[in-house]
Amino acid sequence: MERFLCDRLLDRHQPISERFRALFSLRNLPGPGPREALVRATRDSSNLLAHEAAFALGQMQDAEAIPALEAVLKDFSLHSIVRHEAAEALGAIGLESTIPMLEESLATDPALEVQETCELALRRIREQKRMSSVSSMCPLKASPFLSVDPAIPSSFNSSVDQLREALLNEEEDMYKRYAALFALRNDGQDGATSAIISSLGAKSALLRHEVAYVLGQLQNKTASAALADVLRNVKEHPMVRHEAAEALGSIADSKSIELLEEFAKDPEPIVSQSCEVALSMLEYERSGKSFEYLFLQTPQVQ
């Protein structure tokens, strides 16, 4: 099964949805075989698949993938969405040895979204160390959404109003805004969801893309109209439109499905392929089958 999955992931003649099925399955398998296949996929001609492979390596928190992720981050010939995901993956793995590389890319990468991701990754690594040193008896809580998040959620002592203020404050540093975002996600009530939807108007494309991702995790239908507007906006950054498409696939109401079918023909491959994958996932779910080849926990999509 492992060999089949690796071959399917790397076979460029397969439909993108089938390659994603293999990718999601491999993310649940430890060891050098799946890791090497995912590393190779970070160089794929599909920027969507390449960025998802980098994301998967970060979610697996496999330290053996660090050299390959650093090489991706340094390669300016790769799309910024792929370099961004490599930086985020390094932050998710969380080893201090990656700090010099992240600092270098923060200073030299030409893409603002990559710079901001390096800033987040550096802060996450340092914050994780600080929190671990405060009390080794109280390890960081796992995300209730089974994801390794790029920021540790703000304290639950913060009110929704305080978190909303931090998230929407354009003068606040990016890590604190991300921390507020994930705390609001974990709250999940109507007021928290409303605050998250409001932040789709943030100046940072990186933050907007993470907001769309979080709305997909929440699967709250009140976000459908705002996400639809993002997907329709051809002037929006592809990484944001991609996340809006994935989120609409998670919400899966009739209007969202119609929109995904329409934009599966979008001229931007990152967007059209996202719609194609989202529609394929829905088709499998409606048939009662797992989108993955292995009947394991479905991973979060980034």
Side-chain angles (χ1 to χ4, degrees), residues 51 54-55 58-59 69 73 79-96 98-131 140 143 145 147-156 158 160-187 192 195-218 226 230 236-244 247 300 302:
H51 110 290
F55 175 71
Q59 294 297 294
L69 290 168
L73 180 55
H79 196 287
S80 63
I81 195 175
V82 184
R83 302 201 310 280
H84 136 74
E85 210 61 71
E88 185 174 302
L90 291 169
I93 295 170
L95 295 188
E96 290 180 75
T98 63
I99 287 177
M101 176 69 240
L102 288 165
E103 289 177 332
E104 178 186 343
S105 290
L106 173 61
T108 61
D109 199 284
L112 178 59
E113 59 269 28
V114 179
Q115 296 172 25
E116 290 178 333
T117 307
C118 291
E119 180 184 348
L120 285 170
L122 286 164
R123 183 71 176 273
R124 186 186 189 281
I125 292 169
R126 289 165 176 153
E127 186 72 5
Q128 182 174 283
K129 181 183 179 182
R130 184 190 69 79
M131 293 182 70
L140 295 175
S143 164
F145 292 85
S147 55
V148 183
D149 301 321
I152 298 166
S154 299
S155 168
F156 282 104
S158 301
V160 168
D161 286 343
Q162 289 171 322
L163 294 169
R164 180 190 183 102
E165 182 179 355
L167 176 58
L168 297 178
N169 185 358
E170 293 290 353
E171 304 302 317
E172 187 62 87
D173 73 64
M174 189 62 68
Y175 187 87
K176 289 183 179 178
R177 298 179 78 183
Y178 260 63
L181 171 64
F182 289 111
L184 287 165
R185 177 203 65 185
N186 291 350
D187 176 284
I196 295 170
I197 293 170
S198 296
S199 63
L200 279 171
K203 292 180 181 178
S204 167
L206 183 74
L207 181 57
R208 295 196 302 274
H209 112 287
E210 198 69 32
V211 168
Y213 169 68
V214 163
L215 290 171
Q217 288 183 309
L218 289 171
V230 172
E236 177 60 275
H237 195 298
M239 71 190 297
V240 186
R241 296 180 69 210
H242 137 69
E243 289 295 355
Q300 297 295 330
Q302 175 68 295

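A salt bridge links R130 and E127; the closest N-O separation between the charged side-chain nitrogens and carboxylate oxygens is under 4.0 Å. One finds a salt bridge joining R177 and E170 here, because a Lys/Arg side-chain nitrogen approaches an Asp/Glu carboxylate oxygen to under 4.0 Å. Under 4.0 Å is where a charged nitrogen must lie from a carboxylate oxygen, and between R124 and D149 no such pair does.
No donor-acceptor pair under 3.5 Å is formed between the side chain of R208 and the backbone N or O of V240. When atom types are taken as modelled, the side chain of E88 and the backbone of T117 share no donor-acceptor pair closer than 3.5 angstrom.
Between L206 and Y178, the closest side-chain pair of non-hydrogen atoms falls below 4.5 Å. Residues Y175 and I152 meet the side-chain proximity criterion, which asks for heavy atoms closer than 4.5 Å. Side-chain contact check for L168 versus S198: some heavy-atom pair is nearer than 4.5 Å. A 4.5 Å side-chain heavy-atom check between E96 and K129 finds at least one atom pair inside the cut-off. Contact of the L215 side chain with the R185 side chain is not registered, since no non-hydrogen atoms from C-beta on lie closer than 4.5 Å. Using a 4.5 Å cut-off on side-chain heavy atoms (C-beta onward), I99 and R126 make contact. In this structure, the side chains of L90 and L95 stay at 4.5 Å or more apart for every pair of heavy atoms. When side chains are defined from C-beta on, L218 counts as touching I196, because their heavy atoms get closer than 4.5 Å.
The two atoms that bring A244 and A212 nearest to each other are N-CB, 3.8 Å, heavy atoms only. Nearest heavy-atom pair, A192 versus L184, reported as atom, atom and distance to 0.1 Å: CB-O, 3.4 Å. Heavy-atom minimum distance, G91 versus A121: CA-CB, 3.7 Å. In this structure, A89 and G58 approach most closely via the heavy-atom pair CB-CA, 3.5 Å. A pairwise comparison of heavy atoms in F182 and A151 identifies CD1-O, 3.9 Å as the closest pair.
The distance between the ring centers of H237 and H242 does not fall below 6.0 angstrom. Residues H84 and H209 place their aromatic rings such that the two centres sit under 6.0 Å apart.
Atoms CG and OG, on D187 and S158 in that order, are 11.0 Å from each other to the nearest 0.5 Å. Taken from OG in S154 to CG in L181, the straight-line distance is 9.5 Å, to the nearest 0.5 Å. Here the CD1 atom belonging to I125 is positioned 9.0 Å from the CD1 atom belonging to I93, to the nearest 0.5 angstrom. From L102, atom CG reaches atom CG of D109 across 11.0 Å, with rounding to the nearest 0.5 Å. Here the straight-line distance linking atom CZ of F55 with atom OH of Y213 works out to 4.0 Å at 0.5 Å rounding. Rounding to the nearest 0.5 angstrom, the gap separating the CG atom in N169 from the CZ atom in R164 is 13.0 Å.
Under the side chain to side chain donor-acceptor pair (under 3.5 Å) criterion, E119 pairs with no residue, sequence neighbours left out. When the side chain to side chain contact (heavy atoms under 4.5 Å, CB included) test is applied to P110, the partners found at least two apart in sequence or on another chain are F76, R83. In this structure, S199 has no side chain to side chain donor-acceptor pair (under 3.5 Å) partners at least two apart in sequence or on a different chain. The side chain to side chain donor-acceptor pair (under 3.5 Å) test applied to S204 returns E116, not counting sequence neighbours. Here A54 pairs with T42, L69, E85 under the side chain to side chain contact (heavy atoms under 4.5 Å, CB included) rule; sequence neighbours left out. When the side chain to side chain donor-acceptor pair (under 3.5 Å) test is applied to E165, no partner is found at least two apart in sequence or on another chain.
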Problem set entry | Q217 and S147: CA distance, side-chain angles, deciding distance, side-chain hydrogen bond (donor to acceptor under 3.5 Å, both in side chains) verdict | CA-CA 10 Å; Q217 288 183 309; S147 55; 3.2 Å; yes
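Side chains of E113 and S80: a donor-acceptor N/O pair is present below 3.5 angstrom, by distance only.
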